[in-house]
Q: 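I have a structure I would like to understand better, so I am pasting it below and will then ask my questions one at a time.
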Amino acid sequence: MSDVEEVQVESGFLQVFAVGVAVAVAPGPDFFMVLRNSLSRGRMAGVMTALGIGSALVVHVVYSVLGLALVIASSPAVFGLIRICGALYLLYIAARCLVARKSEMPEVCVEEVPAGSKDSPFRGWREGFWCNLLNPKAALFFLSIFSQFMTPDTPGAVRWIYGAEVIVIVTAWFTLLAIFLSTGRMRSMYAGLARWIDGGVGLIFGGVGCSILWQEARRVL
């Protein structure tokens with residue numbers, strides 16, 4: 001690997017790290033599922049929900065990396081189109097984050113388990129897994145993300161490392177949520193920062209999307 005390629009790979013690690021953090025902290029179905037289970041059924045249920053989400057991310061990463069690898073090998077033009085569509089989708093998310101109103105906590109997040117009812121840790125894992133896996137936006141989002149950081153010159157091992165990086169970051173974040181956000185004080189603190197978090201996420205996604213569109217425009221022109 002040349003010095004230029006090493007610099008590109010290192011830059012890719014940093015970019016994927018930034019996007020992984022943005023994906024983790026952005027409020028969405030996974031966040032509310034972890035928070036609901038942590039509040040209603042305890043810390044263990046929240047942690048298991050986080051691990052379920054991480055398991056679903058493995059599935060997303062596998063089909064994203066394998067599918068894009070085949071596209072890269074067979075049709076660079078199609079891959080370029082995927083990158084453009086992915087960039088546009090990231091810009092769409094960025095716009096929604098920047099103009100969204102302050103999110104309110106759904107009432108379902110504070111429901112309690114009836115007294116005497118039995119619960120299984122596997123229930124939390126199962127709910128987290130299906131919540132993430134069956135989210136249609138998650139599939140499109142992962143294809144968008146990985147199309148931005150994988151090129152024909154990206155080594156196969158690096159592609160899997162990119163995927164593992166996102167899995168570790170997101171799973172670690174939701175595990176911390178399960179541990180700390182089940183308290184009323186931390187919940188109120190996060191709600192107060194939600195608008196700033198949305199703005200930061202919007203700027204990151206918008207920057208990545210604009211960068212990719214600029215690269216594709218230069219390649220075509």
Side-chain angles (χ1 to χ4, degrees), residues 9 12-38 43-72 82-83 85-87 89-90 92-94 96-97 109 121-150 154-181 190 197-198 200-202 204-205 208-209 212:
V9 170
F13 285 142
L14 295 177
Q15 290 177 332
V16 171
F17 177 82
V19 171
V21 171
V23 171
V25 302
D30 293 337
F31 166 78
F32 289 121
M33 178 65 72
V34 171
L35 185 57
R36 185 198 68 177
N37 287 349
S38 298
R43 183 170 296 175
M44 178 57 69
V47 171
M48 291 302 295
T49 304
L51 295 179
I53 293 171
S55 300
L57 293 179
V58 174
V59 178
H60 288 304
V61 167
V62 168
Y63 71 66
S64 296
V65 173
L66 292 181
L68 287 173
L70 294 176
V71 172
I72 292 172
I82 291 176
R83 282 170 59 87
C85 292
Y89 180 68
L90 292 179
Y92 167 74
I93 296 178
R96 293 197 60 178
C97 287
C109 292
F122 182 72
R123 176 186 171 188
W125 181 93
R126 183 177 64 250
E127 290 178 345
F129 179 82
W130 291 114
C131 177
N132 183 274
L133 187 66
L134 298 181
N135 183 358
K137 292 184 178 180
L140 181 57
F141 180 81
F142 267 86
L143 289 173
S144 302
I145 289 297
F146 282 97
S147 67
Q148 311 311 308
F149 301 108
M150 284 171 45
T154 303
V158 174
R159 298 173 186 171
W160 291 109
I161 293 175
Y162 284 166
E165 191 175 3
V166 174
I167 293 172
V168 170
I169 292 171
V170 175
T171 304
W173 169 255
F174 283 125
T175 300
L176 291 176
L177 280 180
I179 294 174
F180 296 110
L181 284 185
Y190 187 91
I197 291 174
D198 284 349
V201 170
I204 291 175
F205 287 172
V208 172
I212 295 303

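The first residue in the sequence is number 1, and the count goes up from there.
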Q: Let me confirm one number: the OG1-CZ distance from Thr175 to Phe180, rounded to the nearest 0.5 Å.
A: 11.0 Å
Q: Would Val170 and Trp173 count as a side-chain contact (heavy atoms from CB on, under 4.5 Å) here? Give the steps.
A: CA-CA 5 Å; Val170 175; Trp173 169 255; 5.8 Å; no
Q: Run the numbers on Phe174 and Thr49 for side-chain contact (heavy atoms from CB on, under 4.5 Å), then give the verdict.
A: CA-CA 8 Å; Phe174 283 125; Thr49 304; over 6 Å; no
Q: Ignoring hydrogens, what is the shortest heavy-atom contact between Ala178 and Gly46? Give both atom names and the distance.
A: CB-C, 3.2 Å
Q: Between Asn37 and Glu127, what is the shortest heavy-atom contact and its length?
A: ND2-OE1, 3.0 Å
Q: Within a reach of under 6.0 Å around CH2 of Trp160, are more than 12 heavy atoms found that belong to other residues, nucleotides or ligands?
A: yes
Q: Quick one: closest heavy-atom pair of Trp125 and Ser55, and the distance?
A: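 Closest approach of Trp125 to Ser55, heavy atoms only: NE1-OG, 3.1 Å.
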Q: Can you classify the ring geometry of His60 versus Tyr63 as parallel (below 30°), tilted (30 to 60°) or perpendicular (above 60°)?
A: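 Judged by the thresholds at 30° and 60°, the geometry between His60 and Tyr63 is perpendicular.
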Q: Identify the two heavy atoms, one from Gly202 and one from Ala94, that lie closest to each other, and give their separation to 0.1 Å.
A: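 Nearest pair, atom of Gly202 first, then Ala94: O-CB, 3.1 Å.
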Q: Which of these, Thr171, Val34, Ile167, sits in a side chain to side chain contact (heavy atoms under 4.5 Å, CB included) with Ile53?
A: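 For Ile53, the side chain to side chain contact (heavy atoms under 4.5 Å, CB included) test succeeds with only one of Thr171, Val34, Ile167, which is Val34.
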